**Q** 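Mind looking over this structure? Questions follow.
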Amino acid sequence: ADDTLHTLTSVHEYRPDLLAYDVYKNSNLWWVFAVRNPNAIKDPIWDFRQGTVFYIPKLINIQKSLGI
């Protein structure tokens, strides 16, 4: 409910790892965007295009889900 709605810009196009680093300071969390948004991002690389609208979960919610 408290995820952030995000519209992808050309800065992160085809680079979920860069967005994960910018948002979470951890590029290894790139997969979170596809898992959270299965209708918008089916392929975590090629569907990561400018203009794609999707939710970005808060880091605290990811940590709770992963138990870390």
Side-chain angles (χ1 to χ4, degrees):
D2 59 349
D3 294 347
T4 303
L5 190 61
H6 179 75
T7 302
L8 198 65
T9 66
S10 62
V11 172
H12 297 110
E13 190 168 41
Y14 307 118
R15 296 298 306 266
D17 59 325
L18 295 180
L19 181 60
Y21 183 79
D22 288 347
V23 173
Y24 305 125
K25 301 301 181 221
N26 184 342
S27 62
N28 292 324
L29 292 175
W30 61 269
W31 55 271
V32 167
F33 307 125
V35 171
R36 171 61 180 87
N37 301 278
N39 293 329
I41 304 171
K42 296 195 186 314
D43 183 300
I45 305 299
W46 299 113
D47 288 344
F48 222 69
R49 294 185 304 268
Q50 181 177 350
T52 302
V53 178
F54 59 95
Y55 289 99
I56 297 178
K58 293 189 177 196
L59 181 58
I60 190 71
N61 294 337
I62 296 169
Q63 291 169 331
K64 284 180 186 176
S65 294
L66 297 176
I68 54 174

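Along the sequence shown, residues are numbered consecutively beginning with 1. Since we're looking at a predicted model, the values are computed, not measured.
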**Q** Would you name the heavy atoms of Asn26 and Asn28 that are closest together and state the gap between them?
**A** OD1-N, 2.9 Å
**Q** Can you list the residues that meet the side chain to side chain contact (heavy atoms under 4.5 Å, CB included) rule with Arg49, with sequence neighbours excluded?
**A** Glu13, Tyr14, Asp47, Thr52
**Q** Sequence neighbours left out, what passes salt bridge (Lys or Arg N to Asp or Glu O under 4.0 Å) with Asp3? Give chain and number order.
**A** Arg36
**Q** Looking at CD1 of Ile41 and OH of Tyr55, how far apart are the two atoms once the value is rounded to the nearest 0.5 Å?
**A** 12.5 Å
**Q** Would you compute the distance between atom CD of Gln63 and atom CG of Asn61 and round it to the nearest 0.5 angstrom?
**A** 9.0 Å
**Q** Supply the atom-to-atom distance Asn37 CG to Lys42 NZ, rounded to the nearest 0.5 angstrom.
**A** 10.5 Å
**Q** Can you classify the ring geometry of Phe54 versus Phe48 as parallel (below 30°), tilted (30 to 60°) or perpendicular (above 60°)?
**A** tilted
**Q** Do the side chain of Asp43 and the main chain of Trp46 share a donor and acceptor less than 3.5 angstrom apart?
**A** yes
**Q** Ile68 and Leu29: same hydrophobic cluster, using ILVMFWY side-chain contacts below 4.5 Å?
**A** yes
**Q** Treating Ile, Leu, Val, Met, Phe, Trp and Tyr as nodes and any side-chain heavy-atom pair under 4.5 angstrom as an edge, say whether Leu66 and Val32 lie in one connected cluster.
**A** yes
**Q** Are Ile45 and Ile56 connected into the same hydrophobic cluster when the rule is that any two of I, L, V, M, F, W, Y join if their side-chain heavy atoms are below 4.5 Å apart?
**A** no
**Q** Let me have the donor-acceptor pairs involving side chains of residues 16-23, under 3.5 Å, with sequence neighbours excluded, atom names and distances please.
**A**
unit_1, atom_1, unit_2, atom_2, d
Asp17, OD1, Arg15, NE, 2.9
Asp17, OD2, Arg15, NH2, 2.7
Asp22, OD2, His12, NE2, 2.6

